[in-house]
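Structure first, then comments.
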Amino acid sequence: MIAAAGVMMFWGMPALAKDAAVEAPIYQFVDAFNKGDIAAAAATHAGDAHITDELAPYFWGGHDVVKRWADDYAKDATAKRLTNPKVVLGAVTREIVTGDRAYVVVPSTYSFTLKGVAMAESAQMTFALKKLDSGWKIVAWTWTGPDASPVK
């Protein structure tokens with residue numbers, strides 16, 4: 001009985017190996033953001049995706065989510081006099097794939113210039129993805145990290 005339970009537990013566990021196909025839309029999204037290509041960034045997301053980020057209103061969901069988030073980001077950046085935004089992703093630290101769903105955590109660094117001062121913020125991005133007929137798409141992501149600080 002114990003051996004059978006062990007086999008059931010093993011086969012019931014999600015895959016823990018990293019999968020480049022799962023990660024591709026994450027890196028494509030950040031690359032498009034860094035280039036200012038919001039259409040390409042949006043193409044990496046499912047139509048009903050959700051975003052949680054550190055700028056008001058902090059949560060976006062549903063239709064045109066990336067465009068609405070990007071519009072709010074641009075307004076916030078203009079108001080704060082924030083320029084030269086760039087996100088650099090590190091290597092994936094956690095990836096769980098279960099069937100057509102995935103959970104991925106990636107360390108991230110956000111750098112920008114704030115009123116002429118170079119700033120950086122180390123954080124994590126957490127993504128949920130779903131495999132659609134067109135491939136893996138981001139269905140949700142969050143940005144989690146402390147306040148940015150001046151680059152020394």
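The first residue of the sequence shown is numbered 1, and numbering continues consecutively from there. All values below were derived from every heavy atom in this structure, side-chain atoms included, with hydrogens, water molecules and symmetry-related copies excluded. Computed from a predicted structure; not experimentally measured.
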Report task. Could you check W69 against F33 for ring-ring contact (aromatic ring centres under 6.0 Å, His included), going step by step and ending with a plain yes or no? Result -> CA-CA 11 Å; W69 165 79; F33 168 79; 5.7 Å; yes
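- Residue L89 comes nearest to S108 through the heavy atom pair CD2-OG, 3.3 Å, listed as atom of the first residue, atom of the second, then distance.
- Looking only at side-chain heavy atoms (C-beta outward), L82 and Y73 come within less than 4.5 Å of each other.
- Here D71 does not pair with K75 in a salt bridge; the nearest charged N to carboxylate O distance is not below 4.0 Å.
- The closest side-chain heavy-atom distance from V97 to Y103 is not below 4.5 Å.
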Query raised in the report: Checking side-chain contact (heavy atoms from CB on, under 4.5 Å) for the pair D53/W60: CA distance, chi angles, key distance, verdict?
Result: CA-CA 9 Å; D53 200 357; W60 300 260; 3.7 Å; yes
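- A46 and V139 make their closest contact through CB-CG1, 3.7 Å (heavy atoms, listed as atom of the first residue, atom of the second, distance).
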Query raised in the report: What do the steps show when you test K137 against K130 for side-chain contact (heavy atoms from CB on, under 4.5 Å), and what is the final call?
Result: CA-CA 6 Å; K137 298 290 182 178; K130 182 175 182 182; 5.9 Å; no
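- Taking CZ of R94 as the reference point, atom OG1 of T126 lies at 9.5 Å (rounded to 0.5 Å).
- Taken to the nearest 0.5 Å, the CD1 atom of I51 stands 13.0 Å off from the CH2 atom of W143.
- Among all heavy-atom pairs drawn from A70 and I38, the shortest one is CB-CD1, 3.7 Å.
- The aromatic ring centres of F112 and Y110 sit less than 6.0 Å apart.
- Here F59 contributes atom CZ and T142 contributes atom OG1; the two are 11.5 Å apart, rounded to the nearest 0.5 Å.
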Requested in this report: Could you go through the side-chain contact (heavy atoms from CB on, under 4.5 Å) check for D72 and L55 one step at a time?
Outcome: CA-CA 8 Å; D72 287 336; L55 60 117; 4.0 Å; yes
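- When atom types are taken as modelled, the side chain of Q124 and the backbone of G145 share no donor-acceptor pair closer than 3.5 angstrom.
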Requested in this report: Apply the test side-chain contact (heavy atoms from CB on, under 4.5 Å) to residues V104 and L129: give CA-CA distance (whole Å), side-chain angles for both, the deciding distance (0.1 Å), then the verdict.
Outcome: CA-CA 8 Å; V104 180; L129 299 99; 3.9 Å; yes
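- Rounding to the nearest 0.5 Å places CG of D31 at 10.5 Å from OG1 of T44.
- Side-chain atoms of R68 come within 3.5 Å of backbone N or O of H63 as a donor-acceptor pair.
- Atoms CZ and CD, from F127 and E23 in turn, are 10.5 Å apart once rounded to the nearest 0.5 Å.
- For the pair K18 (side chain) and V92 (backbone), a donor-acceptor distance under 3.5 Å is present.
- Taking the side chain as every heavy atom from C-beta outward, V87 and T109 never approach each other to under 4.5 Å.
- Formation of a donor-acceptor pair under 3.5 Å by the D64 side chain with backbone atoms of K67 is not found in this model.
- In terms of heavy atoms, D147 sits closest to E121 at C-CG, 4.3 Å.
- Of all heavy-atom pairs spanning L114 and K80, the tightest one is CD1-O, 3.2 Å.
- Rounding to the nearest 0.5 Å places NE2 of H50 at 7.0 Å from CG of D48.
- Looking at W141 and H45, their side chains do bring a donor and an acceptor atom within 3.5 Å of each other.
- Nearest heavy atoms, V88 versus K86: CG2-CE, 3.9 Å.
- A 4.5 Å side-chain heavy-atom check between I26 and Q28 finds every atom pair outside the cut-off.
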